[in-house]
Amino acid sequence: MEAAADEEQEGLSAQSPAQAPPSSASSLPKEQSQVELELRLLQALEFYPPSKLKGIHRHFILYGLMEYLRKSLDRQFSADEVLQLLDRFFNLEMLKPDDDEKDNFGQTEEFALPDNFFKKEE
């Protein structure tokens, strides 16, 4: 009687030893694949740091993450899917470019070399 009580305390019942409830058994592969996906993403961040998602390299870093996940897990990932995964670990609102940065890329300035560049040394 005491052995049955010990088994019930450890999460096993006397009627079904070492069997998980059916609800958790069906979600196990999904949970494992989710954990695998998150681990691969964290491995990819070693090569493609999220701090660079703020600057002009944003699209290259995002593409690199997509490719790393595609090669690691043998399936395609969209940029939105990768950003959703990153949003679990990082505050992506902080990485969005400011309005000042957007304006800098739209401005053009005429460039001219200084006059002393054209003077020949005699």
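Positions are given from 1 along the sequence.
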Work out which heavy atom in Tyr48 is nearest to a heavy atom in Gly64; give both atom names and the distance. CE1-O, 3.5 Å
Given side chain to side chain contact (heavy atoms under 4.5 Å, CB included), test Leu41 with Phe77 step by step and report yes or no. CA-CA 12 Å; Leu41 176 69; Phe77 289 89; over 6 Å; no
Report yes if the side chains of Glu46 and Gln43 come closer than 4.5 Å at any heavy-atom pair, otherwise no. no
When the ring planes of Phe47 and Tyr68 are compared, do they come out parallel, tilted or perpendicular, using 30° and 60° as the limits? tilted
Separation between CG (Leu62) and NE2 (His57), nearest 0.5 Å, reads 14.5 Å
Residues passing the side-chain contact (heavy atoms from CB on, under 4.5 Å) test with Tyr63, sequence neighbours excluded, are Glu67
Taking the side chain as everything from C-beta on, heavy atoms only, tell me whether Lys54 gets closer than 4.5 Å to Ile61. no
Give, for atom CD of Glu81 and atom CZ of Arg75, the distance between the pair rounded to the nearest 0.5 Å. 5.0 Å
Identify whether Met66 and Leu73 are in the same connected component of the hydrophobic contact network (ILVMFWY, side-chain heavy atoms under 4.5 Å). yes
What one should report as the nearest heavy-atom pair of Arg70 and Gln76 is CD-NE2, 3.2 Å
Leu42 meets the side-chain contact (heavy atoms from CB on, under 4.5 Å) criterion, sequence neighbours left out, with Leu45, Phe89
Return the minimal non-hydrogen interatomic distance between Leu69 and Leu85, and the atom names on each side. CD1-CD1, 4.2 Å
Taking all non-hydrogen atoms of both residues into account, name the closest pair between Leu65 and Val82 and its distance. CB-CG1, 3.9 Å
